[in-house]
Engineer: 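Structure provided below as structure tokens; questions to follow.
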Amino acid sequence: MTDQVAPLDVRPAAGHIGAEISGVDLAREVPDEVVAAIRAALLRWKVVFFRGQQWDHAAHLAFARRFGEPVRPASRGSASPRDVPEIETTADRLELGGRYGMEHEEWLRRRRHTLLRGWHCDHGARVDPPAATILRAETVPPYGGDTTWSNLAAAYAGLSAPVRAFVDGLRAEHRLGVGYQPRPGDDAYVRHLLDRQTATDHPLVRVHPETGERVLFVNGYYVEQILGVSRPESRALLDMLLEQAVRPEYTVRFRWEPGSVAFWDNRATVHLAPADTDRVDHPRVMHRVMLAGDVPVGVDGRPSVPLAGCAPGQW
Ligand SMILES: [Fe+2]
């Protein structure tokens with residue numbers, strides 16, 4: 001199947017999520033009708049992919065500005081360009097080794113409180129998580145390093161009616177650093193977490209501000225606890241909802257090449273950063289821009305409430 005949105009070719013990549021868009025050079029001035037067509041494809045397919053784009057930081061940022069307000073994160077990876085505060089660069093092998101006084105492997109092991117922990121939306125513990133992320137690949141390994149996304153609106157729709165009605169009214173605490181098992185004695189990562197605590201009371205089902213869809217707003221990375229129920233109840237419910245959120249039929253997996261761009265709706269998806277890049281000795285350099293997002297709103301109209309360390313619009 002091909003959706004023809006002249007002059008774009010929007011080619012769905014999986015049943016519920018993902019579409020590859022071709023026929024557009026994003027390094028040039030993009031016409032308004034193309035911006036509108038890309039936005040429509042993004043809202044429908046939740047993540048759209050472009051290949052072979054010749055972007056520098058300025059072109060990346062100019063494209064992002066057509067879709068929203070790029071945020072300027074207060075803390076960025078050390079590989080990020082100093083003169084472009086909206087661009088975050090990840091060069092993971094350089095960045096993570098020894099950063100908290102422990103090897104990357106140990107740090108990962110101490111963070112894995114659930115097998116689905118890697119699934120997240122960007123900055124989900126904030127009261128206003130970014131609306132979208134635009135990630136471009138500069139250097140990628142010859143194999144490994146794929147990213148996977150899951151459609152949380154499809155996951156919600158796939159629940160049975162009684163369970164949908166039940167979860168509609170629930171809230172959950174999202175917190176940075178969930179499940180981390182501290183090292184005995186001094187632990188630099190615990191100090192880092194305490195320095196920059198971020199937590200929010202979010203609706204478990206959020207209403208998407210543009211599509212009106214209900215979204216199962218869970219992930220394995222930030223959700224600490226469903227509120228108003230016991231801890232064992234929360235654990236059992238979360239296990240079920242996390243499995244539902246990332247069922248294979250709701251996902252799409254993307255193989256990066258230099259010049260690939262992924263643009264996702266961070267309000268309606270979770271994604272899984274690759275965990276296999278240590279298998280190949282090759283740099284992986286990616287640049288991202290995030291667009292400012294709304295404070296989520298539940299089915300009952302109640303917005304998210306900040307619990308620690310964040311205020312809307314403040315980065
Ligand atoms: Fe991410």
Side-chain angles (χ1 to χ4, degrees), residues 17-18 42 46-49 60 64 67-68 70-80 86-96 99 104 107-108 111-138 140 144-152 155 174-180 193 196 198 200 202 206 215-223 242 245-246 250-256 260-278 284-293 296 310 315:
I17 180 171
L42 178 69
K46 316 308 184 197
V47 53
V48 293
F49 308 113
H60 189 163
F67 293 90
V71 300
R72 295 182 169 195
S75 101
R76 297 183 296 158
S78 60
S80 304
E86 296 88 352
I87 300 254
E88 285 181 282
T89 300
T90 56
D92 43 7
R93 295 180 136 266
L94 297 172
E95 197 67 26
L96 293 170
R99 186 171 172 184
H104 185 213
W107 180 70
L108 273 182
R111 298 178 83 187
R112 284 207 179 103
H113 65 292
T114 152
L115 292 174
L116 300 179
R117 177 202 167 281
W119 288 96
H120 67 284
C121 61
D122 289 333
H123 290 272
R126 290 182 55 88
V127 68
D128 58 347
T133 298
I134 303 168
L135 183 65
R136 89 178 198 264
E138 178 183 315
V140 295
D146 297 0
T147 303
T148 308
W149 289 261
S150 192
N151 179 342
L152 297 180
H174 296 229
R175 177 176 289 278
L176 188 66
V178 171
Y180 178 71
L193 288 176
R196 39 180 295 192
T198 308
T200 297
H202 281 308
R206 78 177 282 190
V215 171
L216 184 60
F217 197 48
V218 296
N219 63 74
Y221 191 93
Y222 289 116
V223 182
L242 283 173
V246 300
Y250 303 136
T251 68
V252 65
R253 179 169 176 147
F254 187 60
R255 170 96 279 267
W256 296 94
S260 297
V261 173
F263 181 1
W264 65 90
D265 186 337
N266 196 51
R267 304 162 296 190
T269 57
V270 282
H271 56 281
L272 182 64
D276 63 352
T277 48
D278 59 333
R284 183 174 186 272
V285 180
M286 315 286 284
H287 307 284
R288 79 170 173 183
V289 174
M290 297 179 295
L291 303 178
C310 55
W315 284 79

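First listed ligand is number 1; within each ligand, the first listed atom is number 1.
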Engineer: Charged N to carboxylate O under 4.0 angstrom, E88 versus R288?
Structural biologist: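 Salt bridge flag = yes for R288 with E88.
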Engineer: Could you work out, with side-chain contact (heavy atoms from CB on, under 4.5 Å) as the rule, every residue matching R111, not counting sequence neighbours?
Structural biologist: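 side-chain contact (heavy atoms from CB on, under 4.5 Å) check on R111 returns W107, R117, Y180, Y189, Y221.
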Engineer: Does anything in residues 263-275 pair up under salt bridge (charged side-chain N to carboxylate O under 4.0 Å, His left out), and if so which pairs, sequence neighbours excluded?
Structural biologist: E210-R267, D265-R267
Engineer: Under 2.8 Å from the Fe ion (ligand 1), how many protein N, O or S atoms can be found?
Structural biologist: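 Every protein N, O or S atom under 2.8 Å from the Fe ion (ligand 1) counted, the figure is 3.
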Engineer: Apply side-chain contact (heavy atoms from CB on, under 4.5 Å) to A64 and list each qualifying residue two or more places apart in sequence or on a separate chain.
Structural biologist: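 Scan of A64 (side-chain contact (heavy atoms from CB on, under 4.5 Å), adjacent residues dropped) gives P70, I134, V289, L291.
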Engineer: Give a yes or no on whether the ring-centroid distance for W264 and F254 is below 6.0 angstrom.
Structural biologist: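 No, the ring of W264 stays outside the 6.0 Å limit from the ring of F254, centre to centre.
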Engineer: Within the structure provided, determine whether F217 and V223 are in side-chain contact (heavy-atom separation under 4.5 Å).
Structural biologist: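 Not touching, per the 4.5 Å side-chain cut-off.
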